[in-house]
**Q** 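Below you will find the structure I want to go over with you.
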Number of protein chains: 2
Amino acid sequence: MASVKNNYQFEDLLDKHQLKKTAPRLRVLSMMYSKNTATSQPDLESVMNDIDRVTLYRILNVFEEKGIIHKVFDLNGTANYAVCHSDCGANHHHDEHLHFNCTGCKNVYCLNELTLPAITLPAGFRAEDFTLYASGLCPRCDKKNPARA
Amino acid sequence: MASVKNNYQFEDLLDKHQLKKTAPRLRVLSMMYSKNTATSQPDLESVMNDIDRVTLYRILNVFEEKGIIHKVFDLNGTANYAVCHSDCGANHHHDEHLHFNCTGCKNVYCLNELTLPAITLPAGFRAEDFTLYASGLCPRCDKKNPARA
DNA sequence: TAGTAAATGCAACAATATTTCATTTGTAAA
DNA sequence: TTTACAAATGAAATATTGTTGCATTTACTA
Ligand SMILES: [Mn+2]
Ligand SMILES: [Mn+2]
Ligand SMILES: [Zn+2]
Ligand SMILES: [Zn+2]
């Protein structure tokens with residue numbers, strides 16, 4: 001999980017990226033940094049229902065451009081957003097980690113600690129980025145699963 | 001690529017899955033089996049523009065349920081559909097291959113020949129399925145790329 | 001404390017996907 | 001071959017997700 005931050009640190013973060021410190025932006029940062037999973041666009045929209053939908057989209061887009069968060073689609077094609085862990089910057093994302101999609105709680109986990117093994121592509125293909133997806137049960141849901149081995 | 005098939009083989013395929021042999025279904029099969037890349041929902045819709053949109057969605061859904069095709073989301077979150085290569089059946093997909101998203105031609109390639117290396121998940125996570133995504137340039141687009149190393 | 005660029009809010013629109021129901025069609029049985 | 005029925009399609013309405021244009025407000029600078 002991204003380390004929990006306080007409001008002053010969020011303001012510094014916005015400063016660092018030359019973004020104005022506004023209430024909607026601080027609330028989005030606060031919500032996303034307080035979780036250890038990605039947040040879906042529908043969830044964001046319902047929690048932030050007093051912020052205009054368009055504003056929310058613009059905040060998410062600018063945060064993604066700046067390298068503060070990254071977007072990941074879950075198994076249903078729904079957009080999810082998560083805090084960037086490492087050295088992501090404007091136009092320089094390095095989010096080559098595993099995204100675990102729990103079929104129980106539907107949460108998307110960014111497993112940053114897991115390094116991807118080297119992949120050899122068929123001749124001719126030149127890859128720039130990799131992302132590994134897995135689906136199954138997260139620790140919490142696996143414990144609750146009655147039919148487990 | 002899935003082996004090219006003729007119309008009689010498509011009819012047999014529908015028979016095998018207890019699906020009625022209708023013109024829209026045969027056209028979708030014919031289109032998808034003739035390509036070595038996935039087909040996006042917008043592409044399908046524009047090519048099959050005389051088939052009702054809802055019918056198209058229903059055909060794609062039932063083909064996916066039967067294990068004839070699988071759905072994959074590209075970098076933009078757009079749904080793409082590709083023929084299943086191996087032993088997929090109703091409720092039993094085994095499409096654990098690499099999906100290569102070309103940033104040039106935007107095509108999605110199913111690289112079935114590439115076997116995924118074993119992945120060890122953090123303790124507690126129980127994975128059922130894996131999918132690896134890569135983005136970059138496909139052989140065709142890489143050849144056309146002037147700025148290549 | 002102004003002045004200004006940035007950010008927000010709102011309305012309209014576009015694209016994707018689902019639900020409901022009437023009509024048509026493929027298939028199996030008579 | 002004809003009939004009967006379930007399956008499949010078509011059409012309209014609705015829902016969800018995302019974008020564009022423009023007026024208004026706000027945060028920061030000077
Ligand atoms: Mn992630
Ligand atoms: Mn595939
Ligand atoms: Zn879970
Ligand atoms: Zn290409």
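Here is the naming used below: chain letters follow the sequence lines, and residue numbers restart at 1 for every chain. As the structure is a prediction and not an experimental result, all values here were calculated from the model. Because only heavy atoms are used, hydrogens play no part in the values below, and waters and symmetry mates are left out as well, while side chains stay in.
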**Q** For nucleotides 16-28 of chain D, just jot down a letter per nucleotide in 5' to 3' order: B, S or -, based on protein non-hydrogen atoms under 4.0 Å.
**A** -BBBBB-----BS

**Q** Looking at every heavy atom in both Met32(B) and Val83(B), which two are closest together, and how far apart are they?
**A**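 Closest approach of Met32(B) to Val83(B): O-CG2, 3.8 Å.
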
**Q** Roughly how many Å is it from CG in Asp52(B) to C1' in dT23(C), rounded to a whole number?
**A** 13 Å

**Q** Please report, rounded to the nearest Å, how far the C1' atom of dT16(C) is from the CG atom of Leu60(B).
**A** 13 Å

**Q** Tell me: CZ of Phe63(A) to P of dA6(C), nearest whole Å?
**A** 17 Å

**Q** Quick check, are the ring centers of Phe63(B) and Tyr81(B) under 6.0 angstrom apart?
**A**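 No, the ring of Phe63(B) stays outside the 6.0 Å limit from the ring of Tyr81(B), centre to centre.
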
**Q** Restricting to non-hydrogen atoms, name the atom on Leu121(A) and the atom on Phe100(B) that form the minimum distance, rounded to 0.1 Å.
**A**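 Shortest heavy-atom separation between Leu121(A) and Phe100(B) comes out as CD1-CE1, 3.9 Å.
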
**Q** Looking at every non-hydrogen atom in both residues, tell me the closest pair between Arg27(A) and Val47(A) and how far apart they are.
**A**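 Result for this residue pair: NH2-O, 4.0 Å.
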
**Q** Can you measure Asp74(B) atom CG to dT16(C) atom P for me and round it to whole angstrom units?
**A**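 My rounded result for the distance is 11 Å.
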
**Q** Under 3.5 Å, is there a donor-acceptor pair between the side chain of Asn101(A) and the main chain of His99(A)?
**A**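 Checking the backbone N and O of His99(A) against the side chain of Asn101(A), no donor-acceptor pair under 3.5 Å is found.
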
**Q** Same cluster for Tyr133(A) and Val108(B) if Ile/Leu/Val/Met/Phe/Trp/Tyr side chains link at under 4.5 Å?
**A** yes

**Q** Would one find more than 12 heavy atoms of other residues, nucleotides or ligands at under 6.0 Å from atom CD of Glu113(A)?
**A**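 Count over threshold, so yes.
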
**Q** Using atom CD of Glu65(A) as one end and atom P of dA6(C) as the other, report the distance to the nearest whole Å.
**A**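 It works out to 14 Å between those atoms.
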
**Q** Can we call the ring centroids of Tyr109(B) and Phe125(A) under 6.0 Å apart?
**A**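 Centroid separation for Tyr109(B) and Phe125(A): below 6.0 Å.
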
**Q** Roughly how many Å is it from CG in Leu44(B) to P in dA17(C), rounded to a whole number?
**A** 11 Å

**Q** To the nearest Å, give me how far apart CG (Leu56(B)) and P (dA15(C)) are.
**A**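 Nearest whole value for this atom pair: 16 Å.
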
**Q** To the nearest angstrom, how far is His17(B) atom NE2 from dT27(C) atom P?
**A**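 After rounding, the gap between these two atoms is 15 Å.
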
**Q** Dot-bracket for DNA chain D, please, read 5' to 3', with Watson-Crick or G-U wobble pairs under 3.5 Å on both distances, ( ) within the strand, [ ] crossing, | other strand, . unpaired.
**A** ||||||||||||||||||||||||||||||

**Q** Hey, are Asp43(A) and Lys106(A) close enough for a salt bridge, meaning a charged N less than 4.0 Å from a carboxylate O?
**A**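 No.
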
